[in-house]
Amino acid sequence: RRFLARVSLSHRPAESGIVPHEMKTTPLRLISLSLITLLVIVLYGQTIGFLFFLDDAPHFQWLVNQPFARMWINSDGFPLYRPATFFVWQVVHSLAGPSPFFLHLLSVILHLSNAILVSRLATRLSGEERAGLWSGLIYAAFPFSYGAVVLVAAQFHLWQAFGLLL
């Protein structure tokens, strides 16, 4: 019965007047979010000022010659089919031009979002805020994440993780 009551509360907190545990903001939760955010900014904040490099150039050389949203149909002339990421890049390019600033910023924001989502998932699975904090910090600082965050061409990895964690 407790489980059923908890499930029903989690779907209609406003109707019952009771806020379930998952929706409460605790001091440790705020500290967790702050520490994870700070760590991501310290580790990856400087990438916002980077230029395009390595695999970025071939991606954008191909992309700028494509009609808007064509990548949803096919990727002729490019060995990879990543329509969602290519579409986001095309939208950013049409709004901000060829500047890498916004694409690097998007990568940092995606990595931060993923670290927070990992933190929330760990908290929900374990029932412990500390488990969420450590999981989020470890995800944010994982040494092999640098490739996905620093290289705009690898941003699709961040999008995949984001979609999976949602």
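None of the values given here were measured: they were computed from a predicted structure. Residue numbers run from 1 in the order of the sequence given.
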Tell me whether [Y] is reachable from [X] by hopping between hydrophobic residues (I, L, V, M, F, W, Y) whose side-chain heavy atoms are closer than 4.5 Å.
X: V149; Y: V42; value: no
X: L106; Y: L51; value: no
X: I116; Y: I138; value: no
X: L95; Y: F60; value: yes

Compare every heavy atom of [Y] with every heavy atom of [X], then report the nearest pair and how far apart it is.
X: A122; Y: G132; value: CB-CA, 3.9 Å
X: Q90; Y: Q66; value: NE2-O, 3.2 Å
X: A154; Y: A148; value: CB-CA, 3.8 Å

Which residues share a ring-ring contact (aromatic ring centres under 6.0 Å, His included) with [X], sequence neighbours left out:
X: W72; result: F87
X: H111; result: Y44, Y139
X: F50; result: none

Filter on salt bridge (Lys or Arg N to Asp or Glu O under 4.0 Å), then keep only pairs touching [range], sequence neighbours left out; what's left?
range: residues 43-69; value: none
range: residues 61-75; value: R70-D76
range: residues 89-112; value: none
range: residues 130-139; value: E128-R130

Side-chain heavy-atom pair [X], [Y] within 4.5 angstrom cut-off:
X: F78; Y: L63; result: no
X: H157; Y: Q160; result: yes
X: H59; Y: W89; result: yes
X: V152; Y: F53; result: no

Judged by atom type as modelled, is there a donor-acceptor pair below 3.5 Å linking the side chain of [X] to the main-chain atoms of [Y]?
X: S119; Y: G136; result: no
X: S113; Y: I109; result: yes
X: T85; Y: R82; result: no

For residues 32-40, please give each side-chain donor-acceptor pair under 3.5 Å, one per line with the distance, not counting sequence neighbours.
from	atom 1	to	atom 2	distance (Å)
S32	OG	L28	O	2.9
S34	OG	L30	O	2.8
T37	OG1	L33	O	2.7

For [X], check side chain to side chain contact (heavy atoms under 4.5 Å, CB included) against everything at least two apart and list the hits.
X: L125; value: L121
X: F142; value: F144, S145
X: L166; value: L117, F162

Item to check | F156-F86 aromatic ring centre distance below 6.0 Å | outcome: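 Centroid distance F156-F86: not below 6.0 Å, so no.
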Gap separating the [atom1] atom of [X] from the [atom2] atom of [Y], nearest 0.5 angstrom:
X: R120; Y: L165; atom1: CZ; atom2: CG; value: 13.0 Å
X: I48; Y: L105; atom1: CD1; atom2: CG; value: 5.0 Å
X: F101; Y: T47; atom1: CZ; atom2: OG1; value: 10.0 Å
X: M71; Y: L80; atom1: CE; atom2: CG; value: 13.5 Å

Next on the checklist: So, using side chain to side chain donor-acceptor pair (under 3.5 Å) as the criterion, who are the partners of W159 when residues are at least two apart?
Outcome noted: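 Once residues adjacent in sequence are excluded, the partners of W159 under the side chain to side chain donor-acceptor pair (under 3.5 Å) criterion are Q155.
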Checklist entry - Are L103 and F52 close enough, and set up right, to give a side chain to side chain contact (heavy atoms under 4.5 Å, CB included), and what steps lead you there? => result CA-CA 9 Å; L103 291 169; F52 292 129; 3.8 Å; yes
